[in-house]
There are 2 protein chains.
Amino acid sequence: MASPPRRMTLKDLAQHLGVSTASVSNAFNRPDQLSPKLREHILSEAQRLGYQGPDAKARSLRTGRSRIVAVILAESLTYSLNDAVASELLSGIAEVLDAQGHTLLLLSGRQTPAGVPGSASIADGFIVYGLMPSLRLIADLPPQRPLVAVDFDIEEHASVHVDNEPAAYAIARHAMGTRPRRPAVITLRLTEQPCNGRISPEHTLLPARRTITRARLDGYLRALAEHGFTREDVPMWNIEENTFDVCAPVIAEILDLPDEERPDLLLCLSDRIALTALTLAEARGLRVPEDLRLTGFDGIAEGQYRAPRLTTVRQDSVEKGRVAARMILGLAPPSSCLLNTELLIGETCP
Amino acid sequence: MASPPRRMTLKDLAQHLGVSTASVSNAFNRPDQLSPKLREHILSEAQRLGYQGPDAKARSLRTGRSRIVAVILAESLTYSLNDAVASELLSGIAEVLDAQGHTLLLLSGRQTPAGVPGSASIADGFIVYGLMPSLRLIADLPPQRPLVAVDFDIEEHASVHVDNEPAAYAIARHAMGTRPRRPAVITLRLTEQPCNGRISPEHTLLPARRTITRARLDGYLRALAEHGFTREDVPMWNIEENTFDVCAPVIAEILDLPDEERPDLLLCLSDRIALTALTLAEARGLRVPEDLRLTGFDGIAEGQYRAPRLTTVRQDSVEKGRVAARMILGLAPPSSCLLNTELLIGETCP
DNA sequence: CTGAAAGCGCTTACAG
DNA sequence: CTGAAAGCGCTTACAG
């Protein structure tokens, strides 16, 4: 096992070939700076001798650019990777980065108490997604590198949003087409204090600038108000994490209310919540939509590839990712971009 | 907007404070190399002056380590990010990397014809997942850095697997408990030539060392053989991509066969395939399991959080990721690790 | 415990 | 078109 003690460097290769390091570098990076013949010679010898091309670490130090874009997810990576909406966003980002020869570094805003790991500073730009993270996190990022916020705003930085309030208004208004007797709302991470269950007057709700879920709630309440339901008339439950396991107990509590108290319309802040409600309702023999109507938000595939199909708002999370990535790479000017959504009428709330 | 033209460097900070660059570096990296008092002074001044800590690019060049681990996915990133099994694997990897202060660089083996982008060489180690990629891709990775293969083998490198053949045998044997009249198998990316539909004798099947799906098929066929079904008795269909959209037409073709030809047992190579079959069967009014029994493979949440629950094999993809990450970081010795699976009996094949 | 110095592997003006 | 040289920002023996 007398394997070579270290990787071959550009300098080694140049010496081997009797050319300058500049020529080798140019052979890899700037074809116009040397004769095609020499370039061909250098590249084929590199291949033959096992030189893999300029080292990324050295190159990035020298040029100041790494061709790496970091995505900082407000939630844990475990949650985000298994969430359909976050996954779609990442797909959109990855699609654009790939096409431009860039790669994706995944970071969680929650991972270390120490904040974002130092290796984050290697990235050429940052996409920050999700709940408004602590400003400290943002301050710890290297300044003067492009940053795009998705689903929230950071002062003086670009952002990508969907029209949460109008979309929520539209779907709630659709649901009001058949007047519910007992409408209710299930929100997501909306209370200042953790609350996985019924929201009481003691709870403080986060403001719209902190979380998109508030904007959606405001849309629902606007439509409800137009039909004579005040906020006091409409019970609200809150979910702490957008997963089946965390949703299920809260929804069980709602569905297990006595018949005369059980809501007949559930406006859910996400498809995951609505799908959990649908599963649990089916398990209890409740008929959807006859006994219980349900609406979601997001338009994830799982809600559309089943019967009954979920009535929901489709947001194009893939496109959100593409837009953010284009701004980071400078393919589009930094801006505050608002994407439209689409109302999907399924069978859970016809 | 007379903002500082460039980021402050360690050297700048050292000059400001009248200490050597070594002391500043040690303040950040080796607390034992200087007095607590000086360290405290340096760190607080760094904070005050806006020095964010040593630059990751320079540090990684100097030390040769980046604290970045690359995951190379055989499929496209778009596919992988939206696939439950791949997402779980990534979760497990991310969990371990996070805990060790490392971060995750996502690469696709399919992204560029040019092969893995040069920035890959920044990673300290590589986890390669999925179908056996071209050996060229592996050869292009920097040698002498740790590499772990997941779900396939690379000579002289560590690997993580589940016991595909025995697990497939076990679930098929369970299904044989009630003798089917017309069993069939739906495979996944198993033919040398692309084939999204019925497999004919002309098709060449990939060998088990190239893809885990072959090992699963072998397990099914072994159990079927024990019950007197030869390979010729059992029709097989192949799916090219493990997504609803690609599965649906093939499954529709199967379910729309005349009653006397339609299989009454579908052994599916993945949960995604089985769930698609379940959805389409329900849409056609076929009763599961009375008219059609179904088994999956993977044990993804979506199959367990619905009624009827999928009968399937649960593989712990999160743990697969953890094991691979531990090997990469040197927390566990490189080895060939085989994880066990668990038979989950749901209602689709009681 | 501190400081001066070498060097990680590359890219890029610049002079020829 | 080619080559000699500076320097990206750091870490780390090493001498004091």
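Since this is a predicted model, take the numbers as computed values, not measurements.
- Evaluation of the salt bridge (charged side-chain N to carboxylate O under 4.0 Å, His left out) rule for R322(B) yields E95(B), E319(B) as partners, not counting sequence neighbours.
- In this view, K320(B) and D151(B) satisfy the salt bridge (charged side-chain N to carboxylate O under 4.0 Å, His left out) rule, not counting sequence neighbours.
- Two residues, R62(B) and R30(A), neighbour DNA chain C, and the one matched to the more 5' nucleotide by heavy-atom proximity is R62(B).
- The CG atom of D12(A) sits 8 Å away from the P atom of dG9(C) (whole-angstrom rounding).
- Of the listed nucleotides (dC10(D), dT12(D), dG9(C)), dG9(C) has the atom at the smallest distance from the side chain of A58(A).
- Taking atom CG of L13(B) as the reference point, atom P of dC10(D) lies 9 Å away to the nearest angstrom.
- Between S23(B) and dG3(C), a side-chain N or O to OP1/OP2 separation shorter than 4.0 Å is present.
- To the nearest angstrom, P of dG9(D) lies 23 Å from CZ of R65(B).
- The residues E45(B) and R48(B) are annotated as salt-bridged, a charged nitrogen and a carboxylate oxygen being separated by less than 4.0 angstrom.
- Under the 3.5 Å distance criterion, the side-chain polar atoms of S60(A) are matched with a main-chain donor or acceptor of A56(A).
- Remark: D32(A), Q33(A), L34(A), S35(A), L38(A) in residues 31-51 of chain A come within less than 4.0 Å of DNA chain D through at least one heavy atom.
- Sequence order on DNA chain D of the closest nucleotides to S20(A) and T21(B) puts S20(A) first from the 5' end.
- Counting to the nearest Å, the C1' atom of dG3(D) and the CG atom of N26(A) are 11 Å from each other.
- Atoms CG (N29(B)) and C1' (dC10(D)) sit 9 Å apart, rounded to a whole Å.
- Q33(A) CD: more than 12 foreign heavy atoms inside a 6.0 Å radius.
- Looking at residues two or more places apart in sequence or on another chain, you find a salt bridge (charged side-chain N to carboxylate O under 4.0 Å, His left out) between R189(B) and E75(B).
- Among the nucleotides dT11(D), dT12(C), dC10(C), the one closest to any side-chain atom of L10(B) is dT11(D).
- Evaluation of the salt bridge (charged side-chain N to carboxylate O under 4.0 Å, His left out) rule for R65(B) yields D124(B) as partners, not counting sequence neighbours.
- Here the nucleotide nearest the side chain of A22(B), chosen from dG9(D), dT12(D), dC10(C), is dT12(D).
- Residues in residues 325-339 of chain B take part in these side chain to side chain donor-acceptor pair (under 3.5 Å) pairs, two or more places apart or across chains: S159(B)-S336(B).
- Partners of F28(A) according to the ring pair (Phe, Tyr, Trp, His ring centres under 6.0 Å) rule, which considers only residues two or more places apart in sequence or in another chain, are Y51(A).
- Atom C1' of nucleotide dC8(D) and atom CG of L61(B) are separated by 9 Å, given to the nearest angstrom.
- Separating the CD atom of Q52(B) from the P atom of dC10(D) is a distance of 11 Å, rounded to the nearest angstrom.
- Using a 4.0 Å cut-off, no side-chain N or O of T9(A) falls inside it from OP1 or OP2 of dG9(C).
- Listed pair S25(B) / dT11(D) meets the phosphate criterion, a side-chain N or O lying under 4.0 Å from OP1 or OP2.
- Residue pairs meeting the ring-ring contact (aromatic ring centres under 6.0 Å, His included) criterion with at least one member in residues 56-91 of chain A: none, sequence neighbours excluded.
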**Report entry** Dot-bracket encoding of pairs in DNA chain D, which uses [ ] for pseudoknotted crossings and | for another strand, Watson-Crick or G-U under 3.5 angstrom
**Finding:** |||.||||||||.|||
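- Rounded to whole angstrom, the span from the NZ atom of K11(B) across to the P atom of dA4(C) amounts to 12 Å.
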